[in-house]
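Note sheet for the following structure.
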Amino acid sequence: MLVIKDLTKIFYRGTSNENTALNNINLTVNEGDFITIVGSNGAGKSTLLNSIAGVFPVEKGKILLNGKDITCQTEYKCAKNIGRVFQDPLSGTSPEMTIEQNLSLAISKSNNLSLKWGLTSYKRKIIKKHLKKIDLGLEDRLTTKVKLLSGGQRQALTLLMATVADPGLLLLDEHTAALDPATAIKIKKLTAELINENNITTLMVTHNMEDAIKMGNRLIMMDDGQIIYDITGKNKDNLTIEKLLKMFENKHGSKFNNDRILLSV
Ligand SMILES: Nc1ncnc2c1ncn2[C@@H]1O[C@H](COP(=O)(O)OP(=O)(O)OP(=O)(O)O)[C@@H](O)[C@H]1O
Ligand SMILES: [Mg+2]
């Protein structure tokens with residue numbers, strides 16, 4: 001469903017700061033895959049997700065989504081088929097708009113009704129139903145402005161908005177990293193539920209090795225702009241953090257280095 005061919009992204013090309021963030025990446029993602037992505041700092045994980053989402057142009061290669069070449073599509077165009085949640089809970093929602101207005105926009109996007117985002121009573125009913133699912137009592141606060149919510153509540157809402165739009169593809173970039181441990185656990189549980197319920201093809205970057213092993217059906221490890229491991233099936237079931245770190249060391253020649261691992265629970 002997603003095919004990435006020879007993808008290369010170079011920042012500051014032709015300057016003394018030239019930096020090859022993605023180096024000839026090849027990846028085929030199957031329909032329904034839930035892929036967790038790990039790697040040291042600067043490995044290219046976010047750049048990979050940003051390239052898929054059309055945040056910036058790439059130097060070389062192709063990205064095909066359901067057979068359609070989306071390599072040079074703008075971020076706005078990609079957003080129609082791709083849901084995203086970032087690390088920063090403030091980034092996925094519109095703070096001055098209410099909970100129901102935010103969700104209404106997301107639902108309209110899925111139905112391609114971009115201009116008709118008015119709130120009919122039917123739509124309100126759907127919004128309430130979705131909010132009940134995340135179990136934070138937000139269904140009783142429809143007209144609360146989103147800026148008044150906590151980080152965890154906002155991230156749950158962002159996740160819901162990204163999934164109600166029934167995206168072909170969901171991209172999660174360390175979306176629980178900025179939350180307190182208890183809230184992070186809740187949001188991870190919600191993530192798994194929403195993905196499984198809707199069978200959404202997902203790429204999830206995480207610094208948490210345990211989550212990367214436990215969640216999803218496939219684990220990718222990146223290093224220095226390349227995919228160094230792609231692990232599925234029994235091999236993934238039998239993984240442990242120790243094994244994974246050892247595998248990294250074998251390829252890389254030194255210990256795995258990700259500052260957020262030290263900080264994580
Ligand atoms: N917008 C940008 N402009 C310039 N350089 C960038 C940009 N985004 C990423 N880079 C560089 O590309 C390389 C890969 O960065 P990227 O953010 O993809 O790493 P990452 O694997 O997500 O790391 P982390 O675990 O720290 O989030 C790094 O050297 C980074 O400095
Ligand atoms: Mg990153």
Side-chain angles (χ1 to χ4, degrees), residues 2 4 6-27 29 35-61 63 71-76 78-79 82-92 155 158-159 162 169-179 184 187-188 191 202-213 215-216 218-231 241 244-245 247-249 251-265:
L2 176 73
I4 297 175
D6 301 328
L7 189 69
T8 295
K9 173 69 197 169
I10 304 170
F11 289 109
Y12 309 117
R13 195 177 196 179
T15 71
S16 56
N17 291 325
E18 183 165 306
N19 181 2
T20 304
L22 296 178
N23 189 358
N24 241 28
I25 296 270
N26 284 289
L27 176 69
V29 179
I35 302 180
T36 56
I37 303 178
V38 293
S40 43
N41 292 127
K45 306 178 295 294
S46 298
T47 306
L48 177 63
L49 263 49
N50 284 332
S51 301
I52 297 169
V55 174
F56 35 56
V58 294
E59 268 56 42
K60 200 183 99 193
I63 305 170
T71 318
C72 290
Q73 254 185 20
T74 59
E75 192 172 3
Y76 172 76
C78 282
I82 299 175
R84 303 194 70 182
V85 187
F86 303 89
Q87 185 174 345
D88 179 4
L90 304 184
S91 68
Q155 204 63 330
T158 307
L159 195 59
L169 182 67
L170 179 64
L171 305 176
L172 307 172
D173 194 352
E174 306 214 30
H175 69 302
T176 59
L179 305 174
I187 300 293
K188 282 181 220 170
T191 305
T202 303
L203 301 183
M204 182 181 92
V205 172
T206 177
H207 62 265
N208 187 316
M209 294 274 183
E210 199 185 331
D211 291 343
I213 291 171
M215 298 173 82
R218 191 169 160 192
L219 182 149
I220 281 176
M221 182 178 265
M222 290 185 70
D223 186 38
D224 204 14
Q226 294 184 317
I227 293 174
I228 56 169
Y229 290 108
D230 185 346
I231 308 164
I241 296 178
L244 204 51
L245 292 175
M247 285 165 71
F248 177 85
E249 274 177 54
K251 273 251 157 95
H252 186 82
S254 63
K255 282 201 186 316
F256 188 87
N257 169 29
N258 188 317
D259 52 8
R260 280 181 314 273
I261 285 186
L262 302 173
L263 304 169
S264 67
V265 280

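All ligand and atom numbering here is 1-based and tracks the order in the structure. What you see below is based on every heavy atom in this structure, not just the backbone, and it leaves out hydrogens, waters and symmetry mates. Predicted model only: the values in this text are computed from it and were never measured.
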Below 3.5 angstrom, do we get any N/O pair linking [X] and ligand 1?
X   : result
A43 : yes
G44 : yes
G39 : no

_Quick check against the 3.5 Å criterion: does T8 have a side-chain atom that pairs as donor or acceptor with the backbone of N24?_
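Answer holds: yes.
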*Indicate yes or no for a side-chain donor-acceptor contact from T20 to the backbone of I10 under 3.5 Å, with no hydrogens or angles considered.*
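Such a contact is absent between T20 side chain and I10 backbone.
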*Just let me know how N19 lines up against ligand 1, side chain, backbone, both or neither, with a heavy-atom cut-off below 4.0 Å.*
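Looking at N19 and ligand 1, just side chain atoms fall under 4.0 Å.
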*Would L203 and K45 count as a side chain to side chain contact (heavy atoms under 4.5 Å, CB included) if you check the C-alpha gap in whole Å, the side-chain angles of each, and the deciding distance to 0.1 Å?*
CA-CA 10 Å; L203 301 183; K45 306 178 295 294; over 6 Å; no
*Could you tell me whether D211 and K188 make a salt bridge, using a distance below 4.0 angstrom between a side-chain N and a carboxylate O?*
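Here D211 pairs with K188 in a salt bridge, since their nearest N and O are under 4.0 Å apart.
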*Check ligand 1 against Y12 and write out every atom of the ligand that is under 4.0 Å from a heavy-atom position of the residue.*
4 (C)
*Output the list of atoms in ligand 1 that are nearer than 4.0 Å to some heavy atom of T47, sorted by atom number.*
9 (C), 14 (C), 15 (O), 16 (P), 18 (O)
*Heteroatom N/O/S of S46 within less than 2.8 Å of the Mg ion (ligand 2)*: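 An N, O or S atom of S46 is closer than 2.8 Å to the Mg ion (ligand 2), so yes.
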*Hey, which of I228, T36, I37, I227 is the one that makes side-chain contact (heavy atoms from CB on, under 4.5 Å) with M221?*
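Going through the options one by one, the only one that passes is I228.
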*asked:* Is F56 close enough to touch ligand 1? Criterion: a residue heavy atom under 4.0 Å from a ligand atom.
replied: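 Under 4.0 Å: no for F56.
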*Check the pair T202 / M215 against side chain to side chain contact (heavy atoms under 4.5 Å, CB included), numbers first and verdict last.*
CA-CA 11 Å; T202 303; M215 298 173 82; over 6 Å; no
*asked:* Pairing donors with acceptors under 3.5 angstrom, does anything connect the side chains of E174 and H207?
replied: yes
*Nearest heavy atom to atom 21 (O) of ligand 1: which of K9, E174, K45 does it belong to?*
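Selected option, by shortest heavy-atom distance: K45.
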